[in-house]
Amino acid sequence: MHSAGDRFPLNYFIYMWRPKKIFEKRNVFKWWQILFLFVFLSGCLMIPVSLQLVKVKRVPISLVAPHVSQVADQNFLNQIAGYSIVNGRLAAPPYERLSARNIAAIDLNGKWHIEGNKYHQFVRGYQNALIFQKDRLMLSDQNGFGFQIMYPGNGQITFDGSKENLLKEMSQLWVSQYKSDFLGVVSFLGFMGVMIFNLLMLGAAAVFLWLTKRTRISDIHSLREAAAVVLISAGVPSIAAMMLGLVHFDIGTLTMVQSSGVVLMIAFVFRQTHFQDTRKLHEKKLFIVGSGR
């Protein structure tokens, strides 16, 4: 009869603290449990990343619409300088400048209309568009992205006539409406990146241990056993990296703590077990002692 400590995933958190147990229990975990642990370890690194993303108040508008800033020339900046969006309404004199396939306008009468779906909106006939209407901002970039951003219903946004100020306010407006979408996409991409990094690092370590089966120094006989040793060894370093990331976020430091910690834990496992089962290691020691007599 198995005790509660032998049940997955509790057994994982018990074994990962003791190098000797890490090797002894390498046969305990099945492939689906190994895959679950891989996702869990990747998730440990993603927690600090996600918390950092939640703090984002501004996203450079050049990230989603890199060509729009070129549309806002000095004439447009002078025209909007000193005017404000107050309680969701813009008060400014009308302005319109058309050049080639670009348009920059202050359109309080709703002359211009935007088409397309939520993330890919455009003004027909123009590649890049920057249009401030009475209650919304319309952005369209030649990269294919385009947005219709409603002004916030309360508060005040004032333009001082500089391009830096305009881009900053546009960025804050964009984040206020699309932050959840941005966090979802960036978190997904970040998680995929972390998983690829872990797959390369932990996968390489597992393959290396698996190849030791060709020698007489190791009792690791399968890739599953090797993967289990590596993933159990990665438990403490991954949790340590997560805790460090909650205090001070630096993705380079997090990955360094995890990867170097895994190497150290595997070294401790080898130091205590020599990658051999306890019985065989004991017999080897007895043989050496007997030979010396």
Side-chain angles (χ1 to χ4, degrees), residues 4-19 21-22 25-26 28-61 63-64 119 171-172 174-209 224 226-269:
D6 293 327
R7 295 177 182 174
F8 183 81
L10 182 60
N11 56 354
Y12 176 76
F13 294 99
I14 294 174
Y15 303 154
M16 70 181 185
W17 300 98
R18 300 169 60 186
K21 282 289 185 183
I22 290 175
K25 300 298 183 179
R26 67 188 185 279
V28 169
F29 298 99
K30 301 175 182 176
W31 271 118
W32 73 266
Q33 294 171 329
I34 290 173
L35 292 175
F36 178 88
L37 292 174
F38 176 76
V39 174
F40 166 75
L41 295 175
S42 300
C44 285
L45 290 191
M46 270 306 297
I47 290 175
V49 175
S50 299
L51 292 178
Q52 197 69 20
L53 288 173
V54 170
K55 299 177 184 177
V56 170
K57 297 189 185 320
R58 227 172 36 230
V59 175
I61 203 68
L63 191 65
V64 291
Y119 307 110
S171 171
Q172 290 178 335
W174 187 87
V175 169
S176 67
Q177 184 163 321
Y178 290 98
K179 185 174 183 177
S180 59
D181 305 82
F182 173 76
L183 291 181
V185 171
V186 175
S187 294
F188 174 77
L189 294 176
F191 189 58
M192 290 298 103
V194 169
M195 289 189 71
I196 291 172
F197 169 78
N198 277 343
L199 182 62
L200 293 175
M201 180 195 56
L202 302 178
V207 170
F208 175 79
L209 292 185
R224 180 174 64 84
V229 170
V230 172
L231 289 176
I232 306 173
S233 299
V236 173
S238 298
I239 294 174
M242 178 188 69
M243 299 302 293
L244 179 63
L246 295 177
V247 176
H248 174 71
F249 179 78
D250 184 292
I251 190 64
T253 302
L254 300 189
T255 54
M256 183 185 70
V257 169
Q258 187 197 41
S259 55
S260 58
V262 170
V263 172
L264 285 174
M265 286 297 292
I266 293 176
F268 289 146
V269 171

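The figures here come from the full heavy-atom set of this structure, side chains too, leaving out hydrogens, waters and symmetry mates. Counting from 1, the numbers follow the sequence of the chain as shown.
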Can you pull out every salt bridge (charged side-chain N to carboxylate O under 4.0 Å, His left out) where at least one residue sits in [range]? Sequence neighbours excluded, please.
range            : result
residues 42-55   : none
residues 28-41   : none
residues 234-247 : none
residues 239-252 : none

Q: Apply salt bridge (Lys or Arg N to Asp or Glu O under 4.0 Å) to Asp181 and list each qualifying residue two or more places apart in sequence or on a separate chain.
A: Lys118
Q.
Could you walk me through whether Asn11 and Phe29 satisfy the side-chain contact (heavy atoms from CB on, under 4.5 Å) test, starting with their C-alpha distance in whole Å, then the side-chain angles of each, then the deciding distance to 0.1 Å, before giving a yes or no?
A. CA-CA 10 Å; Asn11 56 354; Phe29 298 99; 3.7 Å; yes
If the condition is ring pair (Phe, Tyr, Trp, His ring centres under 6.0 Å), which residues does [X] pass it with, not counting sequence neighbours?
X      : value
Phe191 : none
Phe36  : Phe8
Phe13  : Phe40

Q: Applying side-chain contact (heavy atoms from CB on, under 4.5 Å), name anything that partners Leu63, two or more places apart in sequence or on another chain.
A: Val59, Phe182
Q) What residues, two or more places apart in sequence or in another chain, satisfy side-chain contact (heavy atoms from CB on, under 4.5 Å) together with Val194? A) Ser42, Leu45, Met46, Asn198
Within this structure, what is the [atom1]-[atom2] distance for the pair [X] and [Y], rounded to the nearest 0.5 Å?
X      : Y      : atom1 : atom2 : answer
Ser171 : Ile61  : OG    : CD1   : 6.0 Å
Met16  : Lys21  : CE    : NZ    : 15.0 Å
Ile47  : Leu254 : CD1   : CG    : 11.5 Å
Ile22  : Tyr15  : CD1   : OH    : 12.0 Å
Lys179 : Gln172 : NZ    : CD    : 11.5 Å

Q. Checking side-chain contact (heavy atoms from CB on, under 4.5 Å) for the pair Phe38/Ile34: CA distance, chi angles, key distance, verdict?
A. CA-CA 6 Å; Phe38 176 76; Ile34 290 173; 5.7 Å; no
Where is the tightest heavy-atom contact between [X] and [Y], given as atom of each residue plus distance?
X      : Y      : answer
Ser233 : Pro237 : O-CD, 3.1 Å
Val54  : Leu183 : N-CD2, 4.1 Å
Pro19  : Val269 : O-CG2, 3.6 Å

Q: Would you indicate whether the side-chain heavy atoms of Val49 and Ser187 approach each other to under 4.5 Å?
A: no
**Q.** Test item: Met195 and Val39 side chains (from C-beta on) under 4.5 Å apart, heavy atoms
**A.** yes
For atom [atom1] of [X], is the number of surrounding heavy atoms from other residues, nucleotides or ligands below 6.0 Å larger than 12?
X      : atom1 : value
Phe268 : CZ    : no
Arg224 : CZ    : yes
Trp17  : CH2   : no

Show me, pair by pair, the donor-acceptor contacts under 3.5 angstrom made by side chains of residues 238-249, not counting sequence neighbours?
| from | atom 1 | to | atom 2 | distance (Å) |
| --- | --- | --- | --- | --- |
| Ser238 | OG | Ala234 | O | 2.8 |
| Ser238 | OG | Gln258 | NE2 | 2.9 |

(Q) Check whether Tyr12 reaches the backbone of Leu231 with its side chain - one donor and one acceptor, N or O, closer than 3.5 Å. (A) yes
